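Read the structure below first, then the notes.
Just so you know, these numbers come straight off a predicted model, no measurement behind them.
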Amino acid sequence: MITLKAVPKVNVDGFYIEDTLVDDAFSGVVPFYSEQEYGFLNNELDQENTGSTKSEISGYTVGIPVIPGLFIPRFDIKAWNDYQDAIKEAQEAYRELYSDWSAKPEDKRGEPPKASNPIQPTLWVEGLSPEEIEELTKPIPQEPTELDRIGAELVARELEALELKHQNEALGAQIVGLELRLLSVENQGGTTNV
């Protein structure tokens with residue numbers, strides 16, 4: 001049974017295009033091609049128009065997953081090629097060390113050399129500049145909607161009503177106080193000017 005996985009396709013500049021399905025064992029970076037037709041005039045063949053096709057790299061299928069969080073993912077093809085060169089150099093250095101080690105007599109060899117590949121660099125990078133990201137993420141000032149305006153007006157009216165209620169309660173307390181003073185004076189049998 002063949003199992004498939006989705007891997008990214010990028011254009012020749014490394015910018016993500018889409019995902020494509022490949023065999024689950026796929027890894028690395030492989031170019032894909034497009035054919036372009038070139039017409040030319042062939043004078044020796046009765047001046048007929050004939051055509052020729054030429055394959056050009058259109059992009060790459062990349063077996064390395066895209067790093068999440070990038071606005072516009074871009075695969076660094078130069079870093080990938082440099083990394084592949086560093087792997088080849090490390091393998092060649094290991095072959096030389098192993099060849100030198102195996103050429104020694106067994107009692108003088110010691111431990112065999114160990115192969116080590118260079119650490120893979122970060123190959124997916126942000127395709128946008130910091131300025132483009134800042135512009136893209138800048139909050140957009142929004143005009144208040146009719147609902148926002150009505151809501152703000154309602155809050156203002158409620159605050160006015162609360163203030164009037166507070167003023168009415170204060171006036172009511174003053175009136176009650178005056179009435180109590182008046183009753184007190186009347187109960188004492190005197191008259192007073194309020």
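Applying the side chain to side chain contact (heavy atoms under 4.5 Å, CB included) test between L123 and each of V66, V62, V29, I64 identifies I64 as the sole match.
Within a 6.0 Å sphere centred on CD1 of I119, heavy atoms belonging to other residues, nucleotides or ligands number 12 at most. Within a 6.0 Å sphere centred on CD of E92, heavy atoms belonging to other residues, nucleotides or ligands number more than 12. Within 6.0 Å of the CD atom in E160, the count of heavy atoms belonging to other residues, nucleotides or ligands exceeds 12. Within a 6.0 Å sphere centred on OH of Y98, other residues, nucleotides and ligands contribute 12 heavy atoms or fewer.
Screening residues 100-111 for side-chain hydrogen bond (donor to acceptor under 3.5 Å, both in side chains), with sequence neighbours left out, gives no hits. Within the structure, the side-chain hydrogen bond (donor to acceptor under 3.5 Å, both in side chains) test picks out the following pairs touching residues 65-79 (sequence neighbours left out): K78-D82. Every pair tested for ring pair (Phe, Tyr, Trp, His ring centres under 6.0 Å) that includes a residue from residues 132-172 fails, sequence neighbours excluded, so the list is empty. Residue pairs meeting the side-chain hydrogen bond (donor to acceptor under 3.5 Å, both in side chains) criterion with at least one partner in residues 16-31, sequence neighbours excluded, are Y16-D19.
Applying the side-chain contact (heavy atoms from CB on, under 4.5 Å) rule to P31 yields the partners Y33, I57, Y60; only residues at least two apart in sequence or on another chain are considered.
Proximity of Q91 to I87: side-chain heavy atoms (C-beta onward) are separated by under 4.5 Å at one or more points. Contact of the P65 side chain with the W124 side chain is not registered, since no non-hydrogen atoms from C-beta on lie closer than 4.5 Å. Here the side chains of K138 and E135 are in contact, with some heavy-atom distance below 4.5 Å. Proximity of I67 to P73: side-chain heavy atoms (C-beta onward) are nowhere separated by under 4.5 Å.
For the pair N11 (side chain) and D13 (backbone), a donor-acceptor distance under 3.5 Å is present. Remark: side-chain polar atoms of D148 are paired, donor with acceptor, to backbone N or O of T145 under 3.5 angstrom. In this structure, the side chain of Q188 does not engage the main chain of V185 through any donor-acceptor pair within 3.5 Å. Side chain of Q120 to main chain of Y83: no donor-acceptor pair is present (N/O by atom type, distance under 3.5 Å, no hydrogens or angles).
Ring pair F75/W80 is tilted by interplanar angle, where 30° to 60° counts as tilted.
To the nearest 0.5 Å, atoms CG (L162) and NZ (K165) are separated by 7.0 Å.
In this structure, a donor-acceptor pair under 3.5 Å is absent between the side chains of N187 and S184.
Ion pairing between E153 and R149 holds under the 4.0 Å rule for side-chain N and carboxylate O.
V7 belongs to a hydrophobic cluster whose remaining members, ordered by chain and number, are V22, F26, V30; membership requires side-chain heavy atoms of ILVMFWY residues under 4.5 Å apart, directly or through intermediates.
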